[in-house]
Amino acid sequence: MTPCCSTAELLACFLARDLNDGEELQVGIALPIPEAAVRLAQLTHGPNMELIFLGARMNVHHLDHLPMPAFGWDSRVVRWAESFSDRGHRFDQVKDWHRRVFFVGGLQVDPHGNTNLIGVGQDFRRLKFRGPGSVGTPTLTTHVGRYYIVLNTHTPRIFVPRCDFISTVGWGNGGADARTQLGLPGGGPKYCITPLCIMDFTPEEKRLRLVSLHPGVTLAQVQAQTGFELVIPAQVPTTAWPTLEDLHVLRTQVDVAGALRG
Amino acid sequence: MTPCCSTAELLACFLARDLNDGEELQVGIALPIPEAAVRLAQLTHGPNMELIFLGARMNVHHLDHLPMPAFGWDSRVVRWAESFSDRGHRFDQVKDWHRRVFFVGGLQVDPHGNTNLIGVGQDFRRLKFRGPGSVGTPTLTTHVGRYYIVLNTHTPRIFVPRCDFISTVGWGNGGADARTQLGLPGGGPKYCITPLCIMDFTPEEKRLRLVSLHPGVTLAQVQAQTGFELVIPAQVPTTAWPTLEDLHVLRTQVDVAGALRG
Amino acid sequence: MNTGVRTSRLHTEAQAVAMLDHGMTIAIGEPTPMALVRQVIRQQLRDLTVIASGLSLDLLIAGGCVRKTISYYAGGGFGVPVAPCFRRAAERGEIEVWECEEGILTSGLEAAGKGLPFLPWRGGVGTSLPEINPDLKLIRDPINGETLLAVPAIKPDVALLHASVADVYGNVQHQGGPGWIDLFLQRAATHCIVQVEKIVPNEAIRAAPWATTIGRADAVVRLPWGAHPWYSRGWYVQDSAFLADYLAVATAAAERDQPAGLAEFLNRYCHEPATHADYLERVGLKRLLALHEY
Amino acid sequence: MNTGVRTSRLHTEAQAVAMLDHGMTIAIGEPTPMALVRQVIRQQLRDLTVIASGLSLDLLIAGGCVRKTISYYAGGGFGVPVAPCFRRAAERGEIEVWECEEGILTSGLEAAGKGLPFLPWRGGVGTSLPEINPDLKLIRDPINGETLLAVPAIKPDVALLHASVADVYGNVQHQGGPGWIDLFLQRAATHCIVQVEKIVPNEAIRAAPWATTIGRADAVVRLPWGAHPWYSRGWYVQDSAFLADYLAVATAAAERDQPAGLAEFLNRYCHEPATHADYLERVGLKRLLALHEY
């Protein structure tokens, strides 16, 4: 059976269907899957969603095609916005971020969903790999209602028992009260998605747990590519294909150039 | 001898001549003498002065008449400005206020130039006279390079040995290091001007000291109207009349309606 | 493929103020949203904590709505140094006064917006403010050991604001700049209601997104001349004669125990008009047109 | 009666950057004031502490100007996850990295602007940031006892910014909104130098005072296309091919020990052109015109 779409498209459609009308969806740079997902979500079921790119907040639900240059940093994004938060006040209303959704990548992810954008190595002054830095992810993930960990690869170098450095607190040392213990008001990471599978967190321990395998991926493959023991439920379904309708909107109104198909 | 001008005009011209080119001059509401003074100063010797009224910062040196409605609160003031600081950031650059000059009134003034806008009485919950409140004077006088205490009357009820409440710290309990002890970076009050006289502060103790008596006012009169002992220097001159030139500019370009003459 | 309809946030003044309840903390912006203030009085809300100044504060106290004020300035204007009803109520202990000043107030509001329990501030160190307001704590800063005030977060339940224009989705633009405290209030408050002179199309907002001052008001209310008797920048100037009339009756009530004039004023302008349009009819169109700013 | 002449703050790029000195803390805004950055490299300033990101940071490191970075993001763009020269210098310990993130950075800048030794911030609690940056102290707040970071004031000596227009007196207006960090930098810095696409008459500023984003820059420099190869909002888009060229030579130098291309790039675009106009001639007018934003 020929796959009906690419894995990136599959994930974009999965994310889009997990987003709710009325939410604020903030996407940083270099995250094409979430960027497509939020546009798709607004077009299919989000007339009250607000998309936030580079500080520009927009609602372009009424347009047949989103007038944004796709999947990259473009200063023109503010022209299609309704407001531009960057009047020197980007962080002065974080108390309202409980209705905001965010997406993070990472150089490393640990079993409790803590992530690392700082670097790899034991000595901070002589890193083996110097990462780009945390951007605004510590502040955003502290406050947003929920966030998604989105990774472009799934390897044991990324999924490690312990991050060398933590730039984003997921569930800390584990436990449903891990974040309240730290005084972090946001809801924490909900899903971790990779080219192989979708994962969430167990309700009590807040350990990374397999939710579904993408079509063609085996459990053994995921386990071999994960540097710690994943929680595996009794039933592991295959990640559902997108609806033809979602895929149609994705390809004809969001990712017209086919960046996610490549 | 007929006086050449009113006391209010005398004081406006005195203040104007104490202001230096390049300074930022912020005047709050209900202070007509400083309001006239800063306009006069800019016209006579302040091409680089910046006038700040109600958050609007202007330099109208190049205009023959200042296009501001005189001596009151008027929302149109922003229209003649060059910038409007009230974008939600009025206090986010106080570190640069060392080049700013400010003016305060008061219900009470003590021998060290501390002033009170809160109220008169011993019990804060049952004040004999409830004042208007501090506005922004505590913050402004903490940081500005210097300020002037400007009073419309000179009586023992205003000049008291001890303020019932302090809303603005002048020289605290006295001494040249009183402000640095408190960690207040601004330069403190320079002059206190009233309808009777001009006063400053002694360099060591920072006690209120007579500088000059307005024409026709006697030393005994000032002492009788002051509720504590003023420092009286050996020589007390008469406050100098304004120059004819300053008075001409004041009357023909600043206070055309004659508000200060009444 | 457009599914669903974007929700309008346009409400009448009665619908908007119905979000409020007795005992809430209500913040009033500048320029003053007087039509919403009158609606609060009309709905006879009680025991409010109010962040306000000048006429709006005084009128709310006169209307019997206020238990506590977060107070930095209560001048009366026009040669009246202190707002009369505020002064009387404060002197008699009928209202609680949480004494502060502008920098302390904005620090507390910023703390709320930032989800922080406090922010430090220097203005006020050495004054009586921490003595008469024990919520302001003197602290030593953890870096240099300097003495500062710790200002606790100030969290209004609702901010009532006035602006020039908005679209029906809550995108607000202040022409000529927002008032000095409006954006602090909006960021700190749980909810935000904005009255505007004019509702504009969404396209007009998107023509200048960088001019949007509030991106998502919970409710917008179309109330032309809604700031009367105060000004609305770029639209009309203040009605000084009307303000002087209020001050005369308020001073008579507060200082000379002659409450009839003030009661008549409140009836005529707050209680009897069923809507803002009814209020405007009482003021009179010719009077309103004469206030045009140009 | 006009006495004296108001002082112009208009300077050439060389005059403006002459205000800088070795060892200073320099903050670079976004959109990026690349012409001023190139001037810093041309003047061979050394041992700078820089607050910057992306290309401007990488180029300053490549130019040998940097001792320390106050760093929240150093992505390379175009599929290069980390700016190459930053990455190499950091991994080798050739530069000191004061690790932070956007909310911590803005808190430190706000503290400086407010004349405070610190501001508290929550983002970063629970992360490694306070371990790898001991200047960030964990504190218990004096109101509720919550754990927060105390961020010390970050005080740049000079902020270098790019904007659309200014008058000669230092009144700056950003068309299409200022960059996210520019106003934080301006308020925190001791001095502020702004390069602009166009100098406009003072009358044009006074036609819309509420649009003024910086009221008193210490110096303004007229540098059309001054953000090249980055964008200038409303004027031109980024020159992606040029950026890719830089990344190719920087990556070769940093990761494959092939420094010739980068040295040639620095000579061609930073050291050899005596002025910004000379730089623009090297880039070529046709190339610049093709970047027009519309």
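Residue numbering restarts at 1 for every chain, and letters A, B, ... go by the order of the sequence lines.
- Annotation: maximal heavy-atom pairing with chain A below 4.5 Å, among C:A111, C:A189, C:A208, occurs at C:A189.
- Here A:N59 is the residue among A:V78, A:D96, A:N59 with the most heavy-atom pairs under 4.5 Å with chain C.
- For chain C, no part of A:D21 is nearby; none of its heavy atoms comes within less than 4.5 Å.
- Of the two parts of C:A188, only the backbone, made up of N, CA, C and O, holds a non-hydrogen atom closer than 4.5 Å to a non-hydrogen atom of chain A.
- Annotation for C:R46: atom CZ counts as buried by contact number, over 12 foreign heavy atoms lying within 6.0 Å.
- The heavy-atom pair separating C:V5 from A:N48 by the smallest distance is O-ND2, 4.0 Å.
- Between A:A81 and C:P209, the closest heavy-atom pair is O-CG, 3.2 Å.
- Residue A:N173 places its CG atom among 12 or fewer non-hydrogen atoms of other residues, nucleotides or ligands, all under 6.0 Å distant.
- Contact annotation for C:A112: only backbone heavy atoms (N, CA, C, O) come within less than 4.5 Å of a heavy atom of chain A.
- Residues A:Q93 and C:R216 are not in side-chain contact: their nearest non-hydrogen atoms beyond the backbone lie 4.5 Å or more apart.
- Atom NZ of C:K155 sits about 10.0 Å away from atom NZ of A:K95, to the nearest 0.5 Å.
- Of all the listed residues (A:H143, A:E82, A:R57, A:R79), the one sharing the greatest number of non-hydrogen pairs under 4.5 Å with chain C is A:E82.
- Below 4.5 Å, heavy atoms of chain A meet heavy atoms from C:N202, C:I205, C:R206, all part of residues 196-206 of chain C.
- Crowding of A:R261 atom CZ: a count of heavy atoms from other residues, nucleotides or ligands under 6.0 Å exceeding 12.
- Contact annotation for C:A153: neither backbone nor side-chain heavy atoms come within less than 4.5 Å of a heavy atom of chain A.
- Taken to the nearest 0.5 Å, the CD atom of A:E50 stands 6.0 Å off from the CZ atom of C:R6.
- Proximity to chain A at a heavy-atom threshold of 4.5 Å picks out C:N171 from residues 160-175 of chain C, in numerical order.
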